[in-house]
Amino acid sequence: MKINKAILAVAIASLPLSVTAESLNSVVAAAVLSNPQVQSVMNARNAVYEEVNQAKGGYRPKIDIGAGTGYEKTKLFPGDDTELQRTEANLSLNQMLFDGFRTSSEVDRQSARLSSTNHRLREVAEETALEAARAYLEILKRNSLLVQAKNTLLTHVRIFEQIKRRSDSGVGTLASIQQAEGRLALAEVNVLSAENNLLDSYSAYERVTGKKANDSLEDPTIEESWIPETFEQALERAYDKHPTLKLAASDVKAARSQYEAARSLMFPTLNLEVNRTWNHDIDGNEGRNEDLTAMIRMRYNLYNGGADKARVRQTRHQIDEARSIQSDAARQTLQSLDLSWNAYEILGRQLDFLEQHVTSTESTRDSYLQQFNIGQRSLLDLLDTENEVFSSQNAFNEAIYDHMLAQYRLLSGTGELLDVL
């Protein structure tokens with residue numbers, strides 16, 4: 001069999017030259033800050049912040065000025081019509097004294113919305129951080145599997161060369177060479193498949209982070225103190241910190257404040273109104289005409305076609321809607337946390353068994369190789385145990401990185417991923 005020189009060169013090639021390794025923390029930070037969705041929510045949050053300032057403006061006085069000039073014709077009874085060149089100017093101040101708590105309710109509503117968008121920003125940032133961590137770990141996992149596939153290819157190359165030398169010396173058989181050729185071809189396919197998976201992981205990384213992966217990535221370190229000891233502790237942390245739950249609670253508060261703002265329409269309003277005018281030639285009277293008034297005025301709408309009561313009923317239903325959404329958010333958060341905890345716990349328990357499996361298959365492989373050299377084992381036995389070593393090492397490597405991801409998923413499920421990173 002002609003060995004694929006390109007594949008063999010890849011297998012023999014050394015690891016990339018040593019460069020400054022990029023950490024998961026720096027990758028997550030850059031991914032969160034540059035993510036378009038995060039930036040979009042951040043701008044939405046800043047817009048709501050200005051709406052809070054708008055609502056607070058209801059507490060402050062409103063000052064207006066006006067001026068005008070033009071033609072005026074006044075008809076007097078009895079008397080002749082009077083035509084004058086009218087000019088006027090005015091300055092008015094209006095200070096709200098009582099508006100049925102509408103302004104305070106609107107400030108509370110917008111403040112609750114601001115809190116909601118703050119938690120939404122944290123929620124999107126947490127999701128982005130988890131996706132960045134997933135893409136980061138996927139590259140590490142796929143790279144480890146590629147290294148393992150290359151090592152297995154080199155092992156098959158050595159076995160093939162050994163069988164070929166035996167055959168050339170008249171000891172080996174044609175069937176042995178054919179078996180070695182077949183397994184060598186399969187090892188080459190495994191390397192190509194691992195390379196393709198690694199390239200896919202680089203593509204996914206660039207999609208999430210917006211940049212190409214560094215040539216060298218650090219294996220992240222997860223402190224044991226970060227991980228809850230029990231599911232109950234994880235649940236307690238989630239209720240205390242998870243942004244989705246806090247977001248839903250803020251939406252309920254905003255709905256309640258909107259209801260109070262709607263109820264303010266059922267109350268009278270009380271305002272201090274100060275007006276100063278400077279007029280000339282008005283109402284048929286030549287000369288200057290100036291007024292100064294300072295009034296406390298009460299206004300109360302007696303009938304508005306039932307619109308105000310309908311508005312109150314509408315906002316009451318919106319409170320119930322927000323509560324239902326809050327309940328659904330709690331269920332989804334609990335389910336996600338439950339799945340994350342199960343994955344973390346089961347994968348953690350699998351690691352010891354998978355490591356034991358790797359150790360056992362490697363010992364078996366070494367024993368088979370010794371027995372093969374003295375003619376007590378067939379080539380097929382040796383190749384089979386080599387493939388079993390390859391499979392066990394792959395499963396162990398995958399479980400290591402899947403367990404890391406499960407830990408980050410668990411931290412995301414409690415709303416603490418950004419904190420620990």
Side-chain angles (χ1 to χ4, degrees), residues 20-35 37-38 41 118-144 201 204-205 208-209 213-214 216-249 329-355 396-421:
T20 302
E22 193 170 20
S23 68
L24 176 61
N25 298 56
S26 62
V27 168
V28 168
V32 169
L33 292 176
S34 64
N35 185 270
Q37 190 176 6
V38 172
V41 177
N118 281 334
H119 295 310
R120 173 58 181 160
L121 180 59
R122 175 62 181 254
E123 180 185 53
V124 174
E126 286 271 348
E127 292 171 355
T128 303
L130 180 60
E131 287 304 308
R134 189 193 307 275
Y136 186 99
L137 292 175
E138 187 69 13
I139 288 181
L140 291 177
K141 179 171 72 173
R142 294 302 173 185
N143 191 60
S144 71
S201 68
Y205 178 95
V208 173
T209 64
N214 201 332
S216 180
L217 301 178
E218 289 182 358
D219 275 329
T221 302
I222 301 177
E223 302 290 340
E224 291 185 7
S225 59
W226 296 351
I227 307 299
E229 295 181 0
T230 63
F231 178 73
E232 288 71 22
Q233 188 180 90
L235 191 60
E236 182 179 347
R237 289 190 190 181
Y239 276 116
D240 182 53
K241 294 187 175 182
H242 202 285
T244 302
L245 299 181
K246 291 182 173 292
L247 184 157
R331 290 185 180 185
Q332 292 187 25
T333 302
L334 175 60
Q335 181 188 26
S336 177
L337 183 61
D338 193 25
L339 294 174
S340 299
W341 178 265
N342 291 339
Y344 158 71
E345 193 175 45
I346 296 301
L347 285 169
R349 288 159 56 186
Q350 287 179 352
L351 284 175
D352 290 338
F353 295 107
L354 290 171
E355 186 176 16
F396 182 55
N397 286 343
E398 287 185 350
I400 289 175
Y401 291 105
D402 289 345
H403 185 245
M404 285 186 185
L405 178 59
Q407 290 173 302
Y408 287 123
R409 280 182 56 196
L410 180 58
L411 290 169
S412 178
T414 60
E416 299 173 306
L417 183 56
L418 288 180
D419 292 339
V420 302
L421 292 179

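Computed from a predicted structure; not experimentally measured.
Using a 4.5 Å heavy-atom cutoff, the side chains of Leu337 and Phe231 are in contact. Proximity of Val28 to Thr209: side-chain heavy atoms (C-beta onward) are nowhere separated by under 4.5 Å. Between Pro220 and Leu137, some side-chain heavy-atom pair lies under the 4.5 Å cut-off. With a 4.5 Å cut-off on side-chain heavy atoms, Leu411 and Gln407 do not count as touching. Taking 4.5 Å as the limit, some side-chain heavy atom of Leu130 sits within range of a side-chain heavy atom of Arg409.
Nearest heavy atoms, Ala125 versus Leu418: CB-CD1, 3.6 Å. Scanning all heavy atoms of the two residues, the minimum distance from Asn214 to Glu22 falls at CB-OE1, 3.2 Å. Scanning both residues, Ala329 and Ala248, for their nearest heavy atoms gives CB-CB, 4.2 Å.
Checked by atom type and distance alone, the side chain of Ser412 never pairs as donor or acceptor with a backbone atom of Tyr408 at under 3.5 Å. Counting only distance, with no hydrogens or angles, the side chain of Ser336 and the backbone of Gln332 share no donor-acceptor pair below 3.5 Å.
The line from CG of Leu121 to CD of Gln37 is 10.5 Å long, rounded to the nearest 0.5 Å. In this structure, OG1 on Thr333 lies 12.0 Å from CG on Asp338, to the nearest 0.5 angstrom. Rounded to the nearest 0.5 Å, atoms OG (Ser26) and CG (Leu421) are 10.5 Å apart. Of the inter-residue distances, the one linking Met404 atom CE with Ile222 atom CD1 reads 6.0 Å to the nearest 0.5 angstrom. With rounding to the nearest 0.5 angstrom, the CG atom of Asn397 is 11.0 Å from the CG atom of Leu140. To the nearest 0.5 Å, atoms CD (Glu123) and CG (Asn118) are separated by 12.5 Å.
A salt bridge (Lys or Arg N to Asp or Glu O under 4.0 Å) check over residues 125-142, counting only residues at least two apart or in different chains, returns the pairs Arg122-Glu126, Glu131-Arg134, Glu138-Lys141, Glu138-Arg142, Lys141-Asp402.
Between Tyr205 and Tyr136, the ring planes are tilted. Angles from 30° to 60° get that label.
Inspection of the Glu218 and Ser23 side chains reveals no N or O donor paired with an N or O acceptor under 3.5 Å.
In this structure, Glu223 places its CD atom where more than 12 heavy-atom neighbours from other residues, nucleotides or ligands lie under 6.0 Å away. Within a 6.0 Å sphere centred on CD of Glu345, heavy atoms belonging to other residues, nucleotides or ligands number more than 12.
The only member of Asp352, Ile346, Leu351 that meets side chain to side chain contact (heavy atoms under 4.5 Å, CB included) when paired with Arg349 is Ile346.
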